[in-house]
Amino acid sequence: MNVNKDFIKQLNVNATVIAATKYVSKEVCLDLFNLGVTNFGENRTDSFLEKYEYLKDKSITWHFIGKLQSKKVKDVINKIDFLHSLDRFSLADEIEKRAEKTIKCFVEVNSGEEQKDGVSYNQFASFYEVLKKYSKIEIVGLMTMAKDNASELELEDTFNKLASLAKEYNLPFLSMGMSNDYKVALKCGATHIRLGRVLFE
Ligand SMILES: *Cc1c(COP(=O)(O)O)cnc(C)c1O
């Protein structure tokens, strides 16, 4: 897969565009960077480390957007700028233990019954309350993945619900919207969109 230059050149959105790089090699990541993309998001620790090493001298903001296994925290946590998938205390405990500085985190909220990851809306208040005690974790926002095949109305409902929750807790950032649904997410106030397939051809 290669970079879809035309798409990237015409993309003009009022949000941080994170390139979801799980589909591509480190060389394609360099092409993205040379086209002006400076926010990268990886899902897997091994691919993250490979790309991070390769692009080390570049001015890139690194996001970890996939599920992070607790045992992998020590390998990546001091290299990333944002974690988008904080969803459990065991992960928070490991971050607290391994982080050398405060880590900016999004709490991942579960927006669909078939999706396993993420804190449910019912559990959010108590999860957030306990997280305040962690000195190495700074909650900067909320992240969600909408259901596959959701209608436009369902998407709006999902994204508006996340936006209200963030507002209620005074959290500035909303990481929501992927290739299929980023336009709806932007309408609902996304500050960070995570684009994968649409960036490549
Ligand atoms: C792959 C991925 C994306 C991007 O998905 P596309 O549909 O390819 O745009 C966004 N967020 C996460 C967490 C992902 O794993």
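The chain is numbered in sequence order, starting from 1. Keep in mind the model is a prediction, meaning the values are calculated, not measured. Worth knowing before you read on, the calculation uses all heavy atoms, side chains too, and leaves out hydrogens, waters and symmetry mates. Ligands are counted one by one from 1 in listed order, and the atoms in each one are counted from 1 as well.
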Give one line per pair: atom of ligand 1, protein atom, distance. Only N/O to N/O under 3.5 Å.
from: ligand 1; atom 1: 7 (O); to: R197; atom 2: NE; distance (Å): 3.2
from: ligand 1; atom 1: 7 (O); to: R197; atom 2: NH2; distance (Å): 2.5
from: ligand 1; atom 1: 8 (O); to: Y23; atom 2: OH; distance (Å): 2.5
from: ligand 1; atom 1: 8 (O); to: R197; atom 2: N; distance (Å): 2.8
from: ligand 1; atom 1: 8 (O); to: R197; atom 2: NE; distance (Å): 3.2
from: ligand 1; atom 1: 9 (O); to: S179; atom 2: N; distance (Å): 2.9
from: ligand 1; atom 1: 9 (O); to: S179; atom 2: OG; distance (Å): 2.5
from: ligand 1; atom 1: 9 (O); to: G196; atom 2: N; distance (Å): 2.8
from: ligand 1; atom 1: 11 (N); to: R194; atom 2: NE; distance (Å): 2.9
from: ligand 1; atom 1: 15 (O); to: K22; atom 2: NZ; distance (Å): 2.7
from: ligand 1; atom 1: 15 (O); to: N43; atom 2: ND2; distance (Å): 2.6

(message) Looking only at the aromatic ring of each residue, does the gap between the centers of H192 and F106 stay below 6.0 angstrom?
(response) yes
(request) Apply the salt bridge (Lys or Arg N to Asp or Glu O under 4.0 Å) test between E42 and each candidate in K26, R194, K51; give the one that qualifies. (result) K51
(request) Report whether I18 and V184 are members of the same hydrophobic cluster (ILVMFWY, side-chain heavy atoms less than 4.5 Å apart, transitive linking). (result) no
For residues 124-133, dump all side-chain donor-acceptor pairs below 3.5 Å to protein atoms at least two apart in sequence or in another chain.
from: S126; atom 1: OG; to: Q123; atom 2: O; distance (Å): 3.2
from: E129; atom 1: OE1; to: K132; atom 2: NZ; distance (Å): 3.2

(request) Report yes or no: is the cationic atom of K79 (NZ for Lys, CZ for Arg) closer than 6.0 Å to the six-membered ring centre of F48, at no more than 45° off its axis? (result) no
(request) State which residue, out of V73, I80, N43, fulfils the side chain to side chain contact (heavy atoms under 4.5 Å, CB included) condition with L68. (result) V73
